[in-house]
> 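Got a structure for you, written out below as structure tokens; questions coming shortly.
Because the structure is a prediction, the values reported are computed rather than measured.
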2 protein chains.
Amino acid sequence: MEKIDQAFLKSFMKAWIQFHRAPHQLKKRADDCLKPSAFILLSILHGEEEPKMLSVSELSKILQVTSPTVTQLVTQLENNNLVERKINPSDRRAILVKLTEQGIQLVDQQRNKFLDSMKGLIEYLGVDESKKLTELMNRTVQYFQQQRS
Amino acid sequence: MEKIDQAFLKSFMKAWIQFHRAPHQLKKRADDCLKPSAFILLSILHGEEEPKMLSVSELSKILQVTSPTVTQLVTQLENNNLVERKINPSDRRAILVKLTEQGIQLVDQQRNKFLDSMKGLIEYLGVDESKKLTELMNRTVQYFQQQRS
DNA sequence: GGTTAATAAATAGGTAGCCTAACTAATTAA
DNA sequence: TTAATTAGTTAGGCTACCTATTTATTAACC
């Protein structure tokens, strides 16, 4: 096993901490109608190809937060007519969360705004380096997912 | 200017969002005596070589948060005897925040714990890829810093 | 079929991590 | 000397979670 240089460890840690504060800057740039956490939850429901319905439990697993956290967020979004709760016919303990038409439109809008603000960064880094960053971020996420199981 | 592929943009966004939730996992692993934000502030005061004193304004600039945010955090840390407030003799409006001996010891401990938990990730990614990630994280941070000025 | 155990979601109360508005005191500028 | 600016603090509020508990439903067991 390769010995890790202590100085590198420290610089990695510093970069990690600073990088994770980056959403701060991003947040200040966008005229968001959605709180960050709401945007993420709606994006998950939106899916890649077509909207899907997920239970509170499923959402809590994907988001890595507890059910009460999801419940509260869903309640707010339901109040704003962005999602609706459906009873799951095959298990009446569970409820399914579904995007409304309004929710679909809003998350589309917000996605485009987010993507626009990302473009500046990608141009700054260059496309190849951005792809590398994407790959490394995905692998890091995989590492933590693997650690949990 | 190179045209950015829309599908790549989306995968970048997804990786960005997931990666920024990574501290979640990290947090659950460490038996921290310090809140994350406190750890960061103490680390800054600790410096790379020897502890330094910084004003609330300086800390707020480094952390990218408002002064009241720093004030509240410093107050908590002062109550726990981890920092002390000093009047700045060259500008009596300003106060300097200084680590106590106890603060120095605690941040040393917590740093080692944090570094230990980072080692698993670095081994997973490999040292070369970890260095690449560090570089890209630093460049991203630079991009946002540059955008602010 | 009846009872107990497990599970899904919701409710209530709390912490962490910020923000803005307003205020006080000190410093600088006019 | 007065006015403007600056540094820090206080108070109230929002976002984003958490744990403990409760209620209703389902699964397991006898």
> Over 60° means perpendicular and under 30° means parallel, so tell me whether B:H20 and A:H20 are parallel, tilted or perpendicular.
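Taking A:H20 first and then B:H20, their aromatic rings stand perpendicular (interplane angle over 60°).
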> So what does B:T66 hit on the nucleic acid, given a heavy-atom distance under 4.0 Å: a base, only sugar-phosphate, or nothing?
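B:T66: base contact, heavy atoms under 4.0 Å.
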> Can you tell me the distance, in whole Å, between the CD1 atom of B:I87 and the P atom of C:dT27?
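Between P of C:dT27 and CD1 of B:I87: 10 Å.
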> Once you round it to whole Å, what is the distance between C1' of D:dT15 and CG of A:L63?
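After rounding, the gap between these two atoms is 15 Å.
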> Just call it for A:S67: base, sugar-phosphate, or nothing, with non-hydrogen atoms closer than 4.0 Å on any strand.
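The residue A:S67 makes no contact with any strand.
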> Which is more 5' along DNA chain C, the nucleotide nearest B:P68 or the one nearest B:L73? Just name the residue.
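Upstream on the strand: B:L73.
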> Classify A:T75 by what it touches in the nucleic acid, base, sugar-phosphate, or nothing, heavy-atom distance under 4.0 Å.
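Nothing, no nucleic acid heavy atom in range.
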> By the 4.0 Å heavy-atom rule, please label A:N88 as base, sugar-phosphate, or nothing.
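Counting heavy atoms under 4.0 Å across all strands, no contact is made by A:N88.
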> Test of understanding: clusters of I, L, V, M, F, W, Y form through side-chain heavy atoms closer than 4.5 Å, transitively. Do A:V74 and A:I87 belong to the same one?
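In one cluster: no.
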> Between B:D116 and B:K113, is the closest basic N to carboxylate O distance under 4.0 Å?
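Looking at B:K113 and B:D116, the cut-off is not met.
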> Taking atom C1' of C:dT27 as reference, at what distance in whole Å does atom CD1 of B:I95 sit?
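Rounded to whole Å, this separation is 17 Å.
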> Select base, sugar-phosphate, or nothing to describe what A:S37 touches, counting heavy atoms under 4.0 Å on all strands.
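Since only primed, P, OP1 and OP2 atoms lie under 4.0 Å of A:S37, the category is sugar-phosphate.
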